[in-house]
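A short worksheet on the structure shown next.
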Amino acid sequence: MPLKSVIEAVREAMLEEMRRDEKVFVMGEDVGLRGGVFLATQGFLEEFGQARALDTPLAEASIMGIALGAAFRGLRPIPEVEFADFVWPSVNQLIGEAARVCYGTNGALSVPMVVRIPYGGGIRGGLFHSQNVEAYFCHTPGLKVIAPATPYDAKGLLKSAIRDDNPVVFLEHKKTYRLVRGEVPEEEYLLPIGKADVKRAGDNVTVVSYGLMLHYCLEAAEVVAAEGIDVEVVDLRTLKPLDKETVVESVKKTAKLLIVHEDNLTGGVGAEVAALVADEAFEYLDGPITRLCGPDVPTMPFAQPLEDAYMPNTEKVAEALRKLAAY
Amino acid sequence: MPLKSVIEAVREAMLEEMRRDEKVFVMGEDVGLRGGVFLATQGFLEEFGQARALDTPLAEASIMGIALGAAFRGLRPIPEVEFADFVWPSVNQLIGEAARVCYGTNGALSVPMVVRIPYGGGIRGGLFHSQNVEAYFCHTPGLKVIAPATPYDAKGLLKSAIRDDNPVVFLEHKKTYRLVRGEVPEEEYLLPIGKADVKRAGDNVTVVSYGLMLHYCLEAAEVVAAEGIDVEVVDLRTLKPLDKETVVESVKKTAKLLIVHEDNLTGGVGAEVAALVADEAFEYLDGPITRLCGPDVPTMPFAQPLEDAYMPNTEKVAEALRKLAAY
Amino acid sequence: MTQAKPRSPKTSRKGKATGKSTGENRAVGFPEGLTEQDLLNSYRQMVLVRKTDERVWMMNRQGKVPIAASCQGHEAAQLGSLLAAQQDGDCFLFPYYRDLAIKMMVGLSPTQVMLSFMGKVGEPYSGARQFPLQGADLEHRVIQISNVVGAGLTQAVGYALGCRMLGDDTVVLAYLGDGATSQGETHEAMNFAGVHRLPVVFVCENNRYAISVPQSLQMAITDVASRAEGYGFPGVVVDGMDLVQSYQATREGIKHARSQGPVFLEMKVERLMPHTTDDDDRRYRGDDEVEQARLRDPLVTFPAYLKEQGILTDQEAEEINAEAQRAVNEATDVAEAASPPDASDMLSHVYAP
Amino acid sequence: MTQAKPRSPKTSRKGKATGKSTGENRAVGFPEGLTEQDLLNSYRQMVLVRKTDERVWMMNRQGKVPIAASCQGHEAAQLGSLLAAQQDGDCFLFPYYRDLAIKMMVGLSPTQVMLSFMGKVGEPYSGARQFPLQGADLEHRVIQISNVVGAGLTQAVGYALGCRMLGDDTVVLAYLGDGATSQGETHEAMNFAGVHRLPVVFVCENNRYAISVPQSLQMAITDVASRAEGYGFPGVVVDGMDLVQSYQATREGIKHARSQGPVFLEMKVERLMPHTTDDDDRRYRGDDEVEQARLRDPLVTFPAYLKEQGILTDQEAEEINAEAQRAVNEATDVAEAASPPDASDMLSHVYAP
Ligand SMILES: Cc1ncc(C[n+]2csc(CCOP(=O)(O)OP(=O)(O)O)c2C)c(N)n1
Ligand SMILES: Cc1ncc(C[n+]2csc(CCOP(=O)(O)OP(=O)(O)O)c2C)c(N)n1
Ligand SMILES: [Mg+2]
Ligand SMILES: [Mg+2]
């Protein structure tokens with residue numbers, strides 16, 4: 001199988017779906033003439049024309065609202081928010097409107113839309129080019145939220161998201177775009193939304209993560225494996241709906257749970273995972289549910305040492321695993 | 001002590017602070033001529049003039065951004081969002097900007113602003129006049145979030161919020177406005193932000209709640225008391241920063257925790273409370289951490305039976321308490 | 001259409017208040033495409049809407065309808081524009097919460113409307129999950145997802161974009177209030193529509209109030225229609241108290257939209273009632289203001305005009321009234337007897353399958 | 001000011017491109033309040049800014065500066081408006097991310113600027129938590145909380161409101177790009193400023209691009225200044241490649257703002273570089289376009305004008321260049337040797353005490 005980067009996988013997924021279904025189109029700032037600031041839509045304007053690779057004015061609320069309206073007419077828009085940090089002007093349409101359309105019309109209308117959002121830090125983006133925004137959308141019934149970590153997952157899940165009839169927030173960690181490469185089959189495949197993936201099986205501790213952090217968890221698992229700690233690494237992949245079963249199954253086996261994410265600790269996705277397990281696997285637990293997350297500061301700062309201090313990394317994860325294993 | 005309603009307490013708090021400090025002013029839709037759609041600012045225009053009871057255009061983003069800018073000049077604005085459901089256009093300024101000002105200027109600037117937001121359901125408000133929005137703000141470092149349940153707490157906390165130099169989201173449950181009455185001292189008092197309040201002491205089960213639901217929890221505690229279950233009711237009052245100590249102390253005593261809120265279950269404030277306890281009071285727990293919350297549907301629907309089906313109530317709380325006590 | 005100059009509407013504020021409609025603003029002879037029958041039918045609709053509106057308000061006072069926004073004073077603008085849209089035959093509508101006349105007259109029965117206000121089974125927009133007549137009535141080509149002011153406008157523009165992509169000939173009519181013009185999203189919707197010359201008619205029902213906030217605190221200009229130029233398309237001021245003028249302007253607007261791109265129609269209207277059943281407008285405006293406005297009530301001036309023109313007799317007017325009253329009574333009885341939705345519905349349709 | 005008619009700037013796109021500045025747009029004689037010394041000083045600033053801008057770009061290529069947005073081509077507009085603000089003495093500035101010339105020339109040293117781009121201790125805006133020169137420089141009366149496009153405008157308007165409430169005589173200058181005009185918040189900011197006649201000068205640096213998106217896909221009009229009318233205040237088109245014209249327009253704008261309320265200045269400028277160091281503009285515009293634009297580079301035309309006017313000699317120009325080069329070299333050395341902030345800073349200042 002050929003090795004691809006995450007950004008290549010993302011681009012291919014859209015390309016294939018746009019070729020398959022002419023109702024699919026991309027829209028957003030710089031997606032047309034420039035092919036996207038991360039080149040996710042490179043060549044789309046040439047192949048599909050202006051109408052399906054639509055450069056919009058600089059106005060996120062309208063990007064989302066117009067995508068929504070087009071979806072009402074039966075199209076399948078893929079609006080892009082250039083950076084997660086700029087999603088806020090659009091959330092009246094996304095959280096306020098899109099998420100409630102199906103429920104609020106008693107099922108008469110639905111919103112087949114995928115909102116692509118490059119997010120995350122570790123790239124010297126400072127306070128306004130690094131934000132994690134997943135928790136806000138995970139708290140919003142009516143939305144689905146996907147955050148893949150690998151090219152394989154990114155492609156298979158993005159294709160499924162495009163075919164899904166609900167509004168899907170598709171979060172692409174910017175640092176994984178070119179850094180993470182992996183095998184991607186030539187032949188077409190889809191991956192199910194809502195299914196976590198056990199990326200490494202193990203018996204002693206379960207670590208639950210997603211996105212960039214998943215890779216640090218895998219590395220840390222290898223580090224502590226050498227010390228005799230056998231870690232099971234669960235990649236959530238879909239953050240909403242959460243795959244409760246896979247997480248609970250794993251904890252029933254290992255009895256110990258570490259949750260790792262880059263997003264701020266308080267009220268993050270990890271809180272929900274912890275709450276689920278503290279309810280549904282309570283009797284199996286043999287140690288405190290531990291979270292290793294971004295601290296509660298407004299995103300990672302610009303200067304290198306400050307950014308490094310914010311970010312969880314392999315060593316920090318390994319340390320948390322050791323502590324939990326020793327409990 | 002005189003009995004007052006929540007809305008009277010809110011109004012009095014602002015009135016006193018505006019008389020005390022001329023930098024304090026209210027702004028928002030209908031706050032001037034009409035005195036607010038809930039009459040929270042009734043008489044303010046007459047007493048303080050248009051400049052300090054400022055009727056704004058219908059544009060929430062600007063309400064928040066203008067408040068922020070005025071705060072930069074040293075004023076202490078109290079912008080009102082007419083209903084929580086309309087906060088979304090403003091969150092670019094609130095979550096994106098205001099919350100990051102102090103951090104992003106290395107402490108050079110701060111934002112002494114209180115955003116008043118009437119929220120919550122049970123008033124036949126349907127999908128767009130009932131929303132709970134607390135979880136979004138609780139996940140935002142740089143903000144403080146307050147959600148009082150009683151007139152006494154509302155007044156004391158609002159006065160403290162107005163004197164606080166940080167952006168505070170002050171959530172007023174609409175159904176409590178006139179329904180909940182309680183004693184409010186004549187003399188001035190302040191209540192500390194960040195301190196939960198044990199509203200009822202008990203030994204068998206801890207229930208953590210806030211806002212309207214707090215009252216249902218207190219009622220349910222009485223119901224099950226008759227059955228021999230002694231419930232401790234913790235009113236969070238401040239949702240961010242969470243008073244971890246009071247919650248953990250209580251659970252260490254009772255060993256059982258029920259969390260009740262009206263907001264959607266997944267990723268709600270209850271998830272964070274559960275996660276904290278599952279980490280920090282793990283060894284004391286003697287039962288699964290249980291959440292009784294709004295289901296994951298987009299807010300309570302309009303028709304009475306649908307709304308009732310959504311809302312947690314005294315009977316549902318009592319049932320959950322019985323189950324947990326019997327564990 | 002592009003050459004249409006903004007006309008300042010003659011309102012009773014500006015003219016002298018004689019208490020008598022002179023019909024001086026009205027079209028002389030018959031406007032393009034309109035028959036006597038159309039006008040009579042519009043009058044019939046207007047009466048039915050008014051009776052419904054009044055009944056709903058009354059039922060709110062009885063505790064049977066939780067909330068309602070009255071369209072009293074807006075009927076001529078709404079029904080005039082709807083008439084144009086229906087004659088066109090290929091329009092799609094994005095109304096707002098005050099557009100009872102539109103939502104009803106696209107084809108709902110009085111009973112459906114009453115079921116909606118009371119939140120009963122048979123509610124046509126949302127299965128009674130939402131405020132009355134909010135959600136979607138796809139059968140009649142109407143969408144209004146929410147009552148968040150301004151939120152429907154970018155959606156309307158997106159709908160028009162979708163229609164163009166699929167080769168439809170549809171024109172989208174997007175309704176908003178004067179207060180809604182202040183929202184950032186309104187600006188973004190108009191800008192996008194202008195850049196892509198989309199077939200959208202923006203219909204602004206300017207009643208000079210956003211709840212209590214008067215126009216002078218909402219904008220620094222007299223005619224918000226003048227903003228359209230800044231988006232590269234025409235804006236027109238219309239006397240929205242006049243059904244014929246509202247019809248004509250909308251008809252021209254639809255033609256323009258289809259051939260050249262967006263138009264903005266500013267319909268100057270009067271809000272004869274408080275903002276909603278929850279409001280008390282005596283807090284912020286004098287009784288005399290509303291009394292003055294009532295002189296221009298389309299339910300007064302339109303039948304007077306029809307009678308002047310020899311289209312309507314007193315007796316016909318009586319009959320129309322009685323018929324409407326019967327229909328509303330009947331609808332009320334049926335709706336009162338109907339069941340509310342079953343509690344188990346609460347969990348369904350969060351997601352499409 | 002109100003009678004100031006929008007002037008269409010003569011750009012080399014429209015005129016014939018002779019490769020030689022004739023100075024035909026320039027003021028004859030001396031504009032109000034300007035001395036030879038002012039102009040010479042502005043030139044000195046312009047050279048220093050350009051050398052800094054070039055150095056920063058180079059250091060990005062060396063991996064020492066993570067990101068930079070160049071102000072090349074915008075210097076005349078920025079320094080002209082700053083000169084007016086400084087002469088007024090009571091202005092407060094809300095610039096945006098492309099306003100290096102403004103942020104530097106309010107009073108920062110080249111070293112402070114270099115420390116900022118490299119994220120070192122001594123960074124003046126945010127203690128190196130943010131992108132370069134982003135946060136607040138209160139000593140010099142400058143705030144720019146973020147680089148979220150349009151987000152500073154309502155804040156600027158709110159600042160002006162606050163000033164009025166406290167009785168200050170301050171005028172606020174709020175800067176934005178052409179792309180920023182599409183944001184809903186920009187509309188809301190302008191509308192509020194208009195309603196309350198606040199002392200705000202909106203300065204739009206229109207370089208006809210928002211990253212890759214050309215003006216024709218951003219708006220359906222030629223001069224975005226024309227939108228100001230819809231908010232009840234004047235809009236003026238200015239040749240932002242001409243420092244003197246930019247100065248004059250801003251000076252008049254400040255006067256108008258203080259006495260009558262907001263003004264919108266549209267400075268037509270050229271973006272001579274890619275959007276940022278991360279961008280590759282060959283993907284969306286031809287080399288010839290930029291080459292043409294370079295003929296109007298203020299670093300070429302301004303000194304030519306000064307020489308024509310007998311204000312600047314070749315030798316002085318040499319000296320100014322050499323002096324700037326020295327300053328930038330020195331600043332670079334100091335900044336490279338400086339320490340980055342300590343990791344423990346990461347947790348501080350989330351909340352005010
Ligand atoms: C975004 C938003 N903010 C506030 C409200 C509360 N609200 C409901 S209607 C209204 C006034 C709307 O005025 P206008 O647009 O002029 O329409 P009208 O009611 O006069 O027809 C307000 C402030 C809302 N529904 N949505
Ligand atoms: C709200 C928001 N959306 C998107 C971006 C990404 N972005 C940064 S600059 C820019 C273009 C801005 O263009 P313009 O306002 O014309 O200013 P210029 O860079 O041309 O000076 C974009 C899209 C952003 N910073 N903020
Ligand atoms: Mg109105
Ligand atoms: Mg630009």
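To find a chain, count down the sequence lines: A is the first, B the second, and so on, and within it residues start at 1.
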For this session: Give a yes or no on whether the backbone of Val213(D) and the side-chain of Asp55(A) come within a donor-acceptor separation of less than 3.5 Å.
Result: no
Closest-packed option against chain A by number of heavy-atom pairs under 4.5 Å, given [options]:
options: Leu217(D), Thr186(D), Asp281(D); answer: Leu217(D)
options: Ile211(D), Val350(D), Asp342(D); answer: Ile211(D)
options: Gly119(D), Ser348(D), Ser182(D), Gly150(D); answer: Ser182(D)
options: Thr181(D), Asp279(D), Leu347(D); answer: Asp279(D)

Problem set entry | Residue selection (most heavy-atom pairs with chain D, distance under 4.5 Å) from Asp296(A), Val37(A), Val297(A), Leu306(A) | Leu306(A)
For this session: Using a cut-off of under 4.5 Å on heavy-atom pairs, state which of Pro298(A), Ser62(A), Gly125(A), Gly126(A) scores highest against chain D.
Result: Gly125(A)
Counting only heavy atoms from other residues, nucleotides and ligands, does the tally under 6.0 Å from [atom1] of [X] exceed 12?
X: Arg61(D); atom1: CZ; result: yes
X: Glu12(A); atom1: CD; result: yes
X: Lys120(D); atom1: NZ; result: yes
X: Glu139(D); atom1: CD; result: no
X: Gln50(A); atom1: CD; result: no
X: Glu289(D); atom1: CD; result: yes

Chain A contact via [X] - side chain, backbone, both or neither, heavy atoms under 4.5 Å:
X: Asp278(D); answer: backbone
X: Val148(D); answer: both
X: Asp178(D); answer: neither
X: Ser216(D); answer: neither

[Y] and [X], any side-chain heavy atoms less than 4.5 Å apart:
X: Gln218(D); Y: Leu58(A); answer: yes
X: Arg124(A); Y: Ile67(D); answer: no
X: Gln134(D); Y: Phe128(A); answer: yes
X: Met346(D); Y: Pro301(A); answer: yes
X: Ser126(D); Y: Phe302(A); answer: no
X: Leu33(A); Y: Pro214(D); answer: yes

Problem set entry | Under 4.5 Å from a heavy atom of chain D, the part of Leu39(A) involved | side chain
Exercise. Side chain, backbone, both or neither: which part of Glu60(A) has an atom under 4.5 Å from a heavy atom of chain D?
Worked result: both
Distance from [X] atom [atom1] to [Y] atom [atom2], nearest 0.5 Å?
X: Arg285(D); Y: Arg34(A); atom1: CZ; atom2: CZ; answer: 12.0 Å
X: Asn147(D); Y: Phe83(A); atom1: CG; atom2: CZ; answer: 9.0 Å
X: Phe86(A); Y: Gln183(D); atom1: CZ; atom2: CD; answer: 10.0 Å

For this session: Over 60° means perpendicular and under 30° means parallel, so classify the ring planes of Phe131(D) and His129(A), tilted if in between.
Result: parallel
